[in-house]
Novice: 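Here it is, the structure in full.
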Amino acid sequence: MIKTHILGYPRIGAQRELKFALERHWRGEIDEQALEAVAAELRARHWADQRAAGLDFVGVGDFAFYDQVADHVLLFGCAPARFGFTGAETPLQQLFTLARGVATEAHDDCGCGHASHGKPALEMTKWFDTNYHYLVPEFDAATRFALAPDRLLDQVAQARTLGHAVKVTLVGPLSFLWLGKAKDGADRLALLDALLPVYCDLLARLKAAGAEWVQLDEPILGLDLPGDWSLAFERAYHLLHGAGVPLLLATYFSPLQENLSLACKLPVAGLHVDGVRAPEELRPVADWLPDHKVLSVGIVDGRNIWRADLDACLERLRPVLERRAGAVWLAPSCSLLHVPFTLAHDAALDAELRTWLAGAREKLNELRILKQVLTGGERAVAMDLAAARAALAARRASPRVARPDVAAALAALPPDADRRAAPFAQRQAVQRARFDLPAFPTTTIGSFPQTPAIRAARAAWRRGELADAGYDTAMRAEIAHAVRVQEELGLDVLVHGEAERNDMVEYFGEQLDGFAFSANGWVQSYGSRCVKPPVLYGDVARPAPMTVAWTAYAQSLTARPMKGMLTGPVTILQWSFVRDDQPRALTCAQIALAIRAEVCDLERAGIGIVQIDEPALREGLPLRRASRDAYLDWAGRAFRIAASGVADATQIHTHMCYAEFNDILPAIAALDADVITIETSRSDMELLAGFGAFAYPNEIGPGVYDIHSPRVPATSDMVRLLRKASAVVPADRLWVNPDCGLKTRAWPETEAALRNMVAAARLLRDEAGGGTVQAA
Ligand SMILES: CN1c2c(nc(N)[nH]c2=O)NC[C@@H]1CNc1ccc(C(=O)N[C@@H](CCC(=O)N[C@@H](CCC(=O)N[C@@H](CCC(=O)O)C(=O)O)C(=O)O)C(=O)O)cc1
Ligand SMILES: N[C@@H](CCS)C(=O)O
Ligand SMILES: [Zn+2]
């Protein structure tokens, strides 16, 4: 028996309705009831899509106002005590407090030494190797769980009232604990015994509410798990099995390998595997999984936007079907959260490209076609199959894809093109003499507030209502404002503020050959924030300089060093939808060549410091250790190709954020950037300890405040963090900066925070007793 289902659907809405409703709610323009009404309407629409595509269940539980992991924290009643919830708050108030923190007035003079005033939000980090950020559950030895199922049960009731068969989606208990963070040395796995009864209780409640299946996502089965974690699966699932509702154990993103037999024998009613990332495991799973269990095959790519090769999917499915006497379900490889809602009618994509692509809604249709073919209804979908084959053939034969000049330029690159001329120590001396910066030099990560006025000007320009000259003038005014503010605040290394950029990847994608961009292909990144990943379909080349005019203009306004600001090749690759017809390493090298040309042009224009952002370097790391070295080799080389075309006196910065870096420190050091600025403040500088222990050789700017919250950090907070940093990294190698770019902030809080930050740096300089310049 063949059924179709999905693991999750984009919840932001075809027109980003949820984003706009959330932001209105946070501005106090709509109340909770109005926000809930938008959510209910979106859920109803999304279930209707699923039903229309003939799915056998609709998914409940994949909707989240901010983040599904944060929802689990409230569902299991394990919000950290530090938030001080009394129960008087509404669930939404609690959720948004976890997600966004609570601001209080900064006290600069209290000197209490406390970690922070107000309530910093939960930490945020990448969901496996995606650009989606989840809120990290915080556990300690005192963590207790108490089920609060009403909101989820209400959604089940809503779907049932609409006449849908329901499969509820939850993060499984082991993955939930794994993804959390233990404070005070607590052992996350030790919490399992306390958590399992709450899951059992929840499963029983869902069954009683009419859920036909419960999908438990355990993507950690695709990781190199410590033995005690793998062992815990058996214990946990034997207990959950007792709840009586059929369980679908869902794995994705990575091959199961040594966990394959474990996954097959756990006492669940079905197993979902990722047939896109691990096609080689379909046959062994088909052999090993007992016949009475459902095998759900993730056959349509949930991580990319290329139209599926349906013949290849059928080819892949046939041996599975031959081996299985039991039910086989077809699904996307993972949740469709990671692809745009639809690309079928996107105004910015040309008609030919559109036929090569599939958003979430088109992927539902691909499942429908596959099911029809496999259940003997091929004639009914003959036209769909023909259209899919024609689009694929056109893409393969398209002259838009291959560029011999790009291949030639890569081949002509000398082997040492990824090496700076002199070693770091020598460059450092030359650069210190050139820039004459104070000790603890202050800088920012690049972007300044993307104000409604900037967005409105760009929207008007795109609609053709504002001419190029008018847009240029407006952006120059924003840049001039940013420079003025930075000078007034006393920052040492300035940035132009990125006002002209819609996004740090899309902006470059729009200017590079080989990329297409959509008008409405939004994908949720965190909370209400979305990105529109460009579509990288062909060989990459840079037809003209991309940032030089803006940066040179900014430099012309100040005598202080202006830092050029580029996105690195790995991050452009990682945050685009990338072609699947050649290795990622080759595509990355092509991008690196384009960025190298831009770095050299900036240097020629007199820009002495260039930052090449690589926040996605860690995110691109394969989930399995065995594949990591190969990735780090080509990714590191791509960065160095981009960075190494300049003279010793040109200072190259890089920036990374929102990931754990300690396991790739040697690879980060091997990038040989003169300065790295990294996110560290949400983890209270814990990240930096690794840099210290590893004796990271170059200069470091550990982020001293979290930019994802409007909270203005007190100078004392930042002084405390800097002292902590000085304990692990020699002070003469420390820079002072926020965690990440400031584009999501407003100007008043930005100025206040930076003013306090500069004060913190000055205090440290004074304490260092006369060390007022970086030692040459
Ligand atoms: C640094 N991060 C980034 C990641 N990924 C990226 N691709 N880019 C990043 O910067 N990953 C990790 C982190 C954190 N992630 C994010 C992601 C997204 C944002 C963010 O601020 N997103 C904005 C959208 C940005 C954008 O593309 N803006 C465009 C279009 C804006 C728009 O919606 N315009 C309206 C009209 C507006 C008006 O008239 O006022 C429209 O078109 O309808 C632009 O500026 O032109 C978001 O709002 O979600 C931050 C961090
Ligand atoms: N230069 C970028 C980096 C973000 S990771 C910014 O400041 O927004
Ligand atoms: Zn960042």
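The first residue in the sequence is number 1, and the count goes up from there. Note that ligands are numbered from 1 as they come in the structure, with each ligand's atoms numbered from 1 the same way. In this text the structure is predicted, and so the values were computed from the model without any measurement. Values below: every heavy atom of this structure, side chains too, minus hydrogens, waters and symmetry copies.
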Novice: Verify side-chain contact (heavy atoms from CB on, under 4.5 Å) between Phe661 and Ile676, making sure each step is shown before the conclusion.
Specialist: CA-CA 12 Å; Phe661 301 111; Ile676 181 171; over 6 Å; no
Novice: State whether the shortest distance between N or O atoms of Gln611 and N or O atoms of ligand 2 falls below 3.5 angstrom.
Specialist: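 Between Gln611 and ligand 2, no N or O pair is found under 3.5 Å apart.
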Novice: Could you tell me which atoms of ligand 2, counted from 1 in the order shown, lie closer than 4.0 angstrom to a heavy atom of Cys657?
Specialist: 5 (S)
Novice: If you measure every N/O of Tyr526 against every N/O of ligand 1, is any gap under 3.5 Å?
Specialist: no
Novice: Heavy-atom contacts with His655 under 4.0 Å: which atoms of ligand 2 show up? List them by number with element.
Specialist: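 Going through ligand 2 atom by atom, the ones under 4.0 Å from His655 are 3 (C), 5 (S).
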Novice: Should the pair Asp346-Lys532 be classified as a salt bridge under the 4.0 Å nitrogen-to-oxygen rule?
Specialist: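 Looking at Lys532 together with Asp346, the answer is no, because their closest N to O distance does not fall below 4.0 Å.
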Novice: Is it the case that the ring center of His481 lies less than 6.0 angstrom away from the ring center of Phe448?
Specialist: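 Not under 6.0 Å, so no.
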Novice: At less than 4.0 angstrom from any non-hydrogen atom of Arg458, what atoms of ligand 1 do you find?
Specialist: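 Matching atoms, with element in brackets: 44 (C), 45 (O), 46 (O).
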Novice: Indicate the ring-plane relationship of Tyr66 and Trp26, choosing parallel, tilted or perpendicular according to the 30° and 60° boundaries.
Specialist: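 Tyr66 and Trp26: tilted rings.
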Novice: Just say parallel, tilted or perpendicular for the rings of Tyr696 and Phe694, cut-offs at 30° and 60°.
Specialist: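 Tilted: the ring planes of Tyr696 and Phe694 meet at 30° to 60°.
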Novice: Once rounded to 10 degrees, what value does the angle at the Zn ion (ligand 3) take between NE2 (His655) and SG (Cys740)?
Specialist: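 The two atoms subtend 120° at the Zn ion (ligand 3).
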Novice: Measure across Pro569 and Ala638 and return the closest heavy-atom pair with its distance rounded to 0.1 Å.
Specialist: CG-O, 3.6 Å
Novice: In terms of atom number and element, which parts of ligand 1 are under 4.0 angstrom from non-hydrogen atoms of Ala456?
Specialist: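 What qualifies from ligand 1 is 39 (O), 40 (O).
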Novice: Any side-chain heavy atom of Met757 within less than 4.5 Å of one from Leu489?
Specialist: no
Novice: At under 4.0 Å between heavy atoms, is it the side chain or the backbone of Ile454 that contacts ligand 1, or both, or neither?
Specialist: neither
Novice: Report the member of Val505, Asn502, Ile445, Asp503 with the shortest heavy-atom distance to atom 7 (N) of ligand 1.
Specialist: Asp503
Novice: Ignoring angles and geometry beyond distance, decide whether Glu23 reaches within less than 3.5 Å of ligand 1 through its nitrogen or oxygen atoms.
Specialist: no
Novice: Are Tyr9 and Phe63 near enough that their ring centres are under 6.0 Å apart?
Specialist: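 When the ring centroids of Tyr9 and Phe63 are compared, they turn out to be at least 6.0 Å apart.
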Novice: Strictly below 4.0 Å, N to O, side chains only: are Arg755 and Glu488 in salt-bridge contact?
Specialist: yes
Novice: Could you tell me whether Asn131 and ligand 1 have an N or O pair separated by under 3.5 Å?
Specialist: yes
Novice: Assess whether a salt bridge exists between Glu510 and Arg462, defined as any Lys/Arg side-chain N lying under 4.0 Å from an Asp/Glu carboxylate O.
Specialist: yes
Novice: Return a yes/no value for Ser447: is any of its N or O atoms, backbone included, closer than 3.5 angstrom to an N or O of ligand 2?
Specialist: yes
Novice: Report yes or no: do Asp492 and Thr442 form a side-chain donor-acceptor pair below 3.5 Å?
Specialist: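 Yes, side-chain donor-acceptor contact under 3.5 Å.
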Novice: Which ligand 2 atoms, with their elements, are less than 4.0 angstrom from a heavy-atom of Glu498?
Specialist: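 Listed by number with element: 1 (N), 2 (C), 6 (C), 7 (O), 8 (O).
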Novice: Could you verify whether a donor N or O on one side chain and an acceptor N or O on the other, from Arg11 and Gln68, lie under 3.5 Å apart?
Specialist: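 A donor-acceptor contact under 3.5 Å links the two side chains.
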Novice: With nothing but distance in play, are any N or O atoms of Cys740 less than 3.5 Å from an N or O of ligand 2?
Specialist: no
Novice: Give the atoms of ligand 1, by number and element, whose distance to some non-hydrogen atom of Lys19 is under 4.0 Å.
Specialist: 47 (C), 48 (O), 49 (O)
Novice: Mind telling me whether Tyr471 and Trp461 have parallel, tilted or perpendicular rings, with 30° and 60° as the class edges?
Specialist: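 The rings of Trp461 and Tyr471 lie parallel, inter-plane angle below 30°.
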Novice: Ignoring hydrogens and geometry beyond distance, is a side-chain donor-acceptor pair present between His496 and Thr551 at under 3.5 Å?
Specialist: no
Novice: For atom 20 (C) of ligand 1, what's the nearest protein heavy-atom neighbour? Residue, atom name and distance, please.
Specialist: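 Sorting protein heavy atoms by distance from atom 20 (C) of ligand 1 puts Arg529 CD, 3.6 Å first.
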Novice: Should the proximity of Lys743 to ligand 1, defined as any heavy atom under 4.0 Å, be assigned to the side chain, the backbone, both, or neither?
Specialist: side chain
Novice: Between Arg584 and Gln574, does any side-chain donor sit less than 3.5 Å from a side-chain acceptor?
Specialist: yes
Novice: Check this for me - ligand 1, Arg455, N or O atoms closer than 3.5 angstrom, yes or no?
Specialist: yes
Novice: Can you figure out which of Ala616, Gly446, Pro534, Ala459 has its heavy atom closest to atom 36 (C) of ligand 1?
Specialist: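 Result: the heavy atom closest to atom 36 (C) of ligand 1 is in Ala459.
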Novice: Counting only nitrogen or oxygen atoms and a 3.5 angstrom limit, does Cys530 reach ligand 1?
Specialist: yes
Novice: Side chain, backbone, both or neither: which applies to Arg16 and ligand 1 if a contact is any heavy-atom pair less than 4.0 Å apart?
Specialist: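 The part of Arg16 near ligand 1 is the side chain, not the backbone.
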Novice: Can you find a pair of side-chain heavy atoms, one from Ile609 and one from Val493, that are under 4.5 Å apart?
Specialist: yes
Novice: Side chain or backbone of Trp522 under 4.0 Å from ligand 1, or both, or neither, by non-hydrogen atoms?
Specialist: side chain
Novice: Any idea which protein heavy atom is nearest atom 2 (C) of ligand 2, and the distance to it?
Specialist: Asp613 OD2, 3.4 Å
Novice: Looking only at protein heavy atoms, which one is nearest to atom 4 (C) of ligand 2, and what is the separation?
Specialist: Met504 SD, 3.4 Å
Novice: Out of all atoms in ligand 1, which are within 4.0 Å of some heavy atom of Thr744? Include the element for each.
Specialist: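 Reading through ligand 1 atom by atom, the close ones are 21 (O), 50 (C).
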Novice: Is a salt bridge present between Arg542 and Glu598, judged by a nitrogen-to-oxygen distance below 4.0 Å?
Specialist: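 Looking at Glu598 together with Arg542, the answer is yes, because their closest N to O distance falls below 4.0 Å.
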Novice: So is Arg462 close enough to ligand 1, meaning a heavy atom under 4.0 angstrom away?
Specialist: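 In this structure, Arg462 fails to qualify as a contact of ligand 1 - no heavy atom is under 4.0 Å.
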Novice: Which ligand 1 atoms does Val531 reach within 4.0 Å, using its non-hydrogen atoms?
Specialist: 5 (N), 6 (C), 7 (N), 8 (N), 17 (C), 18 (C)
Novice: Starting from atom 2 (N) of ligand 1, locate the nearest protein heavy atom and write down its residue, its atom name and how far away it is, to 0.1 Å.
Specialist: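 Looking at atom 2 (N) of ligand 1, the protein heavy atom closest to it is Trp575 CH2, 3.9 Å.
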Novice: Of the protein's non-hydrogen atoms, which lies at the shortest distance from atom 15 (N) of ligand 1, and what is that distance?
Specialist: Ser525 OG, 3.1 Å
Novice: Answer side chain, backbone, both or neither: which part of Pro615 comes under 4.0 Å from ligand 2, heavy atoms only.
Specialist: side chain
